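So the structure is just underneath, and the comments pick up after that.
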Amino acid sequence: MEARTLTPIQKDLLRMFSFDHSDAFAKEIKEVITRHFQTKVDAETERLWESGILNQEKLDLIRNEDLHAIRKRNG
């Protein structure tokens, strides 16, 4: 396995966690990060919906698809 250096964000997160070792702090950080990325997903979903790339018909088509299998097939 190839050795890698930490990215600046990884270093920042390690520094942040070095000050508070509580489970409550870790849970709060997870919630903040989750909300951040959920907001980004919501915005992108809205953009796709507004542009017509995503619609109810397409959602219905993929509802029962095994998306992992599709991804493996397509590389």
Side-chain angles (χ1 to χ4, degrees):
M1 181 156 72
E2 177 183 325
R4 297 182 183 185
T5 59
L6 296 175
T7 65
I9 189 67
Q10 289 169 325
K11 290 176 185 177
D12 287 343
L13 288 170
L14 285 173
R15 272 193 292 276
M16 186 172 25
F17 280 105
S18 70
F19 295 109
D20 188 337
H21 302 284
S22 71
D23 288 339
F25 180 73
K27 183 178 177 186
E28 182 179 355
I29 293 298
K30 284 182 184 179
E31 289 172 358
V32 167
I33 291 170
T34 299
R35 278 195 310 272
H36 169 75
F37 285 106
Q38 186 62 54
T39 299
K40 292 178 79 91
V41 167
D42 290 346
E44 181 63 8
T45 303
E46 183 69 22
R47 185 189 73 76
L48 293 171
W49 193 271
E50 294 287 325
S51 70
I53 294 171
L54 183 64
N55 58 37
Q56 190 60 51
E57 181 181 342
K58 291 177 183 173
L59 289 175
D60 291 343
L61 285 172
I62 65 172
R63 177 178 294 136
N64 295 316
E65 290 288 332
D66 182 351
L67 299 178
H68 291 97
I70 292 170
R71 184 171 184 204
K72 287 179 183 178
R73 271 195 318 250
N74 294 333

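Note: hydrogens, waters and symmetry copies are ignored here, and every other heavy atom, side chains too, is used. Keep in mind the model is a prediction, meaning the values are calculated, not measured.
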Let me have the donor-acceptor pairs involving side chains of residues 31-38, under 3.5 Å, with sequence neighbours excluded, atom names and distances please.
unit_1: T34; atom_1: OG1; unit_2: K30; atom_2: O; d: 2.7
unit_1: Q38; atom_1: NE2; unit_2: D42; atom_2: OD1; d: 2.8

Next item on the list: Kindly indicate, with the supporting measurements, whether the criterion salt bridge (charged side-chain N to carboxylate O under 4.0 Å, His left out) is fulfilled by E44 and R47.
Entry: CA-CA 5 Å; E44 181 63 8; R47 185 189 73 76; 2.7 Å; yes
Note to self: Just verifying a value: how many Å separate K11 NZ and T5 OG1, rounded to the nearest 0.5 Å?
What the structure shows: 6.0 Å
Next item on the list: Using side-chain contact (heavy atoms from CB on, under 4.5 Å) as the criterion, list what pairs up with K58, not counting sequence neighbours.
Entry: N55
Next item on the list: Tell me who clusters with L59, hydrophobic residues only, linked when side chains sit under 4.5 Å apart either directly or through other members.
Entry: L48, W49, I53, L54, I62
Note to self: Tell me if the CD atom of E57 is crowded by more than 12 foreign heavy atoms within 6.0 Å.
What the structure shows: no
Notebook entry, point to check: CG of L61 to CG of N64: how many Å apart, nearest 0.5 Å?
Noted result: 10.0 Å
Notebook entry, point to check: So, do L13 and M16 sit near enough that their side-chain heavy atoms are less than 4.5 Å apart?
Noted result: yes
Next item on the list: Give the minimum heavy-atom separation between Q10 and T7, together with the two atoms involved.
Entry: OE1-N, 2.7 Å
